[in-house]
Amino acid sequence: MKVMKVEQISHHVVFILLAAAVQCQVNPEMCRYPLGMTGGQIQDEDISASSHWSESTAARFGRVDLDNGDGDGAWCPDIMSEPDGLTEYLQVDLRSLHFITLVGTQGRHADGMGNEFAQRYRIKYSRDGSNWVGWHDRKGRQVIEGNRNAYDVVLKDLEPPIIARYVRFMPVTDHSMIVCMRVELYGCQWLDGLMSYTIPEGHQMIYRGLDVYFNDSVYDGASAERLTKGLGQLTDGTWGLDDFLHSHIYGMWPGYDYLGWNNKSLPKGYVEMIFEFDRVRNFTSMKVHCNNMFSRGVRMFRQATCYFRSGPDWESDPVTFRPELDRISQGARFITVPLGDRTASAIKCRFHFSDGWMLLSEVAFQSGSAVYNTSLTPRKHGRPTNLLPGEDPFHKVDDSNTRILIGCLVAIIAILLAIIVIILWRQVWQKMLEKASRRLLDHELTARLAVQTQAFSSLHSSLTSDSGSTSNSTYESIFPLCSDYQEPSRLIRKLPEFAQSTEHLGPSISPRALASSGLDGAPHYAEADIISLQESADCYSITAVNMNLFSGTDSSMREFPRHKLAFKEKLGEGQFGEVHLCEAEGMQDFLDEDLSIEGTNESPLLVAVKTLREDANKNARNDFLKEIRIMSRLRDPNIVRLLAVCVDTDPLCMITEYMENGDLNQFLCMLRLKEAAGGDKAEPEEEEGESMVSYSKLIAMAVQIASGMKYLSSLNFVHRDLATRNCLVGKNYTIKIADFGMSRNLYRGDYYRIQGRAVLPIRWMSWESILLGKFTMASDVWAYGVTLWEILTLCKKQPYSQLSDEQVIENTGEFFRDQGKQVYLPKPLCCPDRVYNDLMLSCWRRNAKQRPSFQDIHTQLMESLA
Ligand code: AMP
């Protein structure tokens, strides 16, 4: 059982006293209490979702966090699995009918590492779990404006309120942003048990040339001549003013607050209404809110005859009630119709006219001891009142027996006081325990680090003296094309902090434990515990959360007629298959207007065609299609543009713009630096030969990559494999970022496997990506630092070339420990001190929050060029 907070309990006490004092029945003004997403009263099993993209973003994490904790944990749908992305939902089962007046949503910030939220969403609800209704406001608008940032809880009044057991939050997304949601519902229990009412459609009055509509505009059932199977204005907690031409609600039409019928249109002389309830109940009374503006031909009913039904048939003996007609006051009022403690699951009432028109705005029932109704004071409109964290504001008030009530209240207060004492005692006890365990942990870690520090110090001294140690690593590089990708899992086990967890059951320190122990300055973002995942599956798990949901087939991505592609030459080979240079006949018709590729007027146009290899399995095929989806949504001058696809038949192809100079790694490898004193001074263009490049040109390339990454980060897109090998070079040193293979694979929270094993670009990866499986914008910034280093060293060496793969992982451990033993990539010869110190090193800061953003990097580099 979750323990309620002390403040919550004190609010409960205050509320109960308040309720007793004012004899409160249902009052929509007061019915605004958190229903238990935050407080934990709603159980995990009652929160479900259409999908989630990883275990760490499952539905049960979709709870608003009012305490503003670390902002981690949220529900994030796997929009990839839904091509249109419009059917994703987070569902809350409240276990019984509730009157819901307010909803709250929050995004996910993960202490600055995440930036996912739903800007807009819709709500669907159901009372029985099978009939779902889309909520709309009084003007018919379904979409609710949600969050503007990942931090704040945004509350939205539901006008009209909802009466439901199940509620679904459905993010509305254009796929340009990650969507994660945390939600809360506010309201109170709907004790009426009224499931639906059936009434004749309201009539239209013409009053002095003015159209007055008395229809049920918020009815949520079926509407033909009669409205059936729904609830609406009669139960929305808003009742009409004395003058029916005016409304409480600004901007609505005359007559809005009332349902009204014309005597002449109903020849039987009465309006028949059927009320269906959730179960058989014992009804004491019914309250009907009526208008009585007799000067305009409107009067309260003269007689109500109510029939009861518990089984299939209506009972023959109705209850009849004749209120005293008021010929003096024209004020609208509630009329209480006694129902004689009759037992029923449905009530049929006939309200007889006493004048030309009868107008009703609210109906409510009291049954058994659950006495309540919509409140007795008209509802005021305005900003939502501050929420008291508390429970259900509904109370069973027996106003005939004040003594019992007081006795109950005293008992409740006594129980609550006892609970407060227990909670306080538990908190003190927990704190003592925490302190003790932290002392233990500190001691443990210090001992381990001492051992590790000794082992690493020899490595450190050899590295800092640049002795160029060669590796006799047993580590096997398995990426089929390139040794830049490694399998880190076995290496990580060799770090003492991580090895312990797998070796014995004694006190172990997993990354998560360290993070939560306060030894890790960085916020933990992933839920993944690498150690346990490694044990269960011999592969590197990525369950980090900062990812982008680019999904759906982009309607602008058109199928290109395969026969119009003429093969010219093979450009390279990647994970999926070969990349060919082709001439594309008539490609101009497929290009967007905004596309600025040189030579696009030429026909045929030269394009690069990436083809999925014929023997590709289903997973590779899906991944290929997903990479297409991702790329089809990216539009930036520094991102390689997908032009068209051939996916109607095999082999699947993606057609991208052709980058004449291939990948940046090969391109730079073949160049030499044009030497210049000072290094950072711009070189005159004409002095550069075929194979020479100036420092300023190199920085201009780095600026373009920063610009492309700035664009990706604006979409919360984490590339995960930024490196020179994944950037392509066009004419005039144009650089574009390519290869979204890693983001595609890891985005799914899945394992990235090649030949059945996990491989990752460990020399480009941040310490937290390697050790904790966290891939964020900040880890892309780390990789950018390494990419910048590659550029300024003209890709002559692999990063940390003097380190074996095992040593790279050990170095990662040093970044984690942060004891000054970590080895950084050295300053490239041509790199000015300020670029190295202020920019490159800042990309490798241990605390991800202290790393610069791509915006900062871009600005800094531009300034360094000026
Ligand atoms: P990938 O499968 O994307 O890793 O591509 C494999 C290789 O094909 C790259 O390393 C490039 O040399 C080459 N390549 C891929 N795309 C293009 C392109 N759009 N223009 C020119 N060369 C490309």
Side-chain angles (χ1 to χ4, degrees), residues 479-485 557 560 565 567-584 587 590-591 595-600 602 604-616 620-621 623-632 634-646 651-671 701 704-705 708 719-746 752 754 759-761 764 783 787 790 795 798:
F479 187 65
L481 298 171
C482 162
S483 62
D484 295 333
Y485 297 82
M557 203 37 57
F560 188 79
L565 288 173
F567 173 83
K568 297 274 289 179
E569 65 182 73
K570 179 174 162 181
L571 291 172
E573 190 166 353
Q575 182 201 341
F576 287 121
E578 295 186 343
V579 182
H580 297 143
L581 174 64
C582 292
E583 280 179 347
M587 176 56 86
F590 285 72
L591 304 181
L595 195 66
S596 56
I597 303 175
E598 262 186 71
T600 42
E602 291 161 20
L605 185 69
L606 284 176
V607 293
V609 179
K610 194 187 264 196
T611 310
L612 181 66
R613 62 167 61 93
E614 301 221 333
D615 60 352
R621 192 183 166 85
D623 286 347
F624 190 82
L625 288 171
K626 279 170 186 167
E627 186 168 3
I628 287 178
R629 282 199 206 133
I630 292 169
M631 286 190 71
S632 70
L634 301 176
R635 294 215 175 342
D636 185 81
N638 297 112
I639 304 286
V640 168
R641 184 72 77 92
L642 182 65
L643 305 176
V645 293
C646 302
L652 304 184
C653 299
M654 58 175 101
I655 304 171
T656 64
E657 56 184 302
Y658 170 52
M659 302 294 284
E660 291 80 351
N661 289 305
D663 74 62
L664 180 59
N665 193 281
Q666 293 167 16
F667 179 74
L668 288 177
C669 247
M670 293 182 299
L671 296 180
M701 291 184 213
Q704 294 180 66
I705 299 173
H719 188 287
R720 297 167 197 252
D721 197 8
L722 183 60
T724 53
R725 65 182 168 277
N726 290 328
C727 297
L728 294 171
V729 189
K731 286 190 186 122
N732 301 323
Y733 298 94
T734 311
I735 311 290
K736 302 199 181 201
I737 299 164
D739 218 312
F740 297 87
M742 287 278 281
S743 51
R744 176 203 61 241
N745 278 284
L746 302 178
Y752 185 58
I754 289 170
V759 286
L760 291 164
W764 281 260
T787 308
E790 285 187 278
C795 297
Q798 205 188 29

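Numbers for residues simply follow the sequence, beginning at 1. The analysis underlying the following values was restricted to heavy atoms, covering all of them including side chains, and did not include hydrogens, waters or symmetry mates. Counting convention: from 1, in listed order, for ligands and their atoms alike.
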> Within the distance-only criterion (no hydrogens, no angle test), does the side chain of H719 pair as donor or acceptor with the backbone N or O of D739 below 3.5 angstrom?
Replying inline: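 Flag set: sc H719 to bb D739 pair under 3.5 Å.
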
> Is there a donor-acceptor pair under 3.5 Å between the side chain of T787 and the backbone N or O of A783?
Replying inline: yes

Please list, in number order, the atoms of ligand 1 under 4.0 Å from a heavy atom of [X].
X	result
T656	19 (N)
E573	6 (C)
D739	1 (P), 3 (O), 4 (O)
Y658	20 (N), 21 (C)

Give me the nearest non-hydrogen protein atom to [atom] as residue plus atom name, then the distance to 0.1 Å.
atom	value
atom 20 (N) of ligand 1	M659 N, 3.0 Å
atom 7 (C) of ligand 1	G572 CA, 3.9 Å
atom 3 (O) of ligand 1	K610 NZ, 2.9 Å
atom 9 (C) of ligand 1	D663 OD2, 4.4 Å
atom 22 (N) of ligand 1	L571 CD1, 3.7 Å
atom 2 (O) of ligand 1	G574 CA, 3.2 Å

>> Nearest 0.5 Å, please: how far is CZ in F624 from NZ in K610?
In response: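 The CZ atom of F624 is 7.0 Å from NZ of K610, to the nearest 0.5 Å.
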
Exercise: identify the closest heavy-atom pair between [X] and [Y]:
X	Y	answer
D663	R725	CB-O, 3.6 Å
N638	I735	ND2-O, 3.0 Å
L612	A620	CD1-O, 4.2 Å

> Do R641 and E657 pass the salt bridge (Lys or Arg N to Asp or Glu O under 4.0 Å) test, and can you show the C-alpha distance, the side-chain angles, and the key distance before you say yes or no?
Replying inline: CA-CA 6 Å; R641 184 72 77 92; E657 56 184 302; 5.4 Å; no

> Has E657 got any heavy atom lying under 4.0 angstrom from an atom of ligand 1?
Replying inline: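 Checking ligand 1 against E657, which is what was asked, there is a heavy-atom contact under 4.0 Å.
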
> Which is closest to atom 11 (C) of ligand 1 by heavy-atom distance: V579, T611, N726, L728?
Replying inline: L728

> Are R720 and W764 in a cation-pi setup, meaning NZ or CZ lies under 6.0 angstrom from the ring centre and within 45 degrees of the ring axis?
Replying inline: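 Output no; distance or angle outside limits.
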
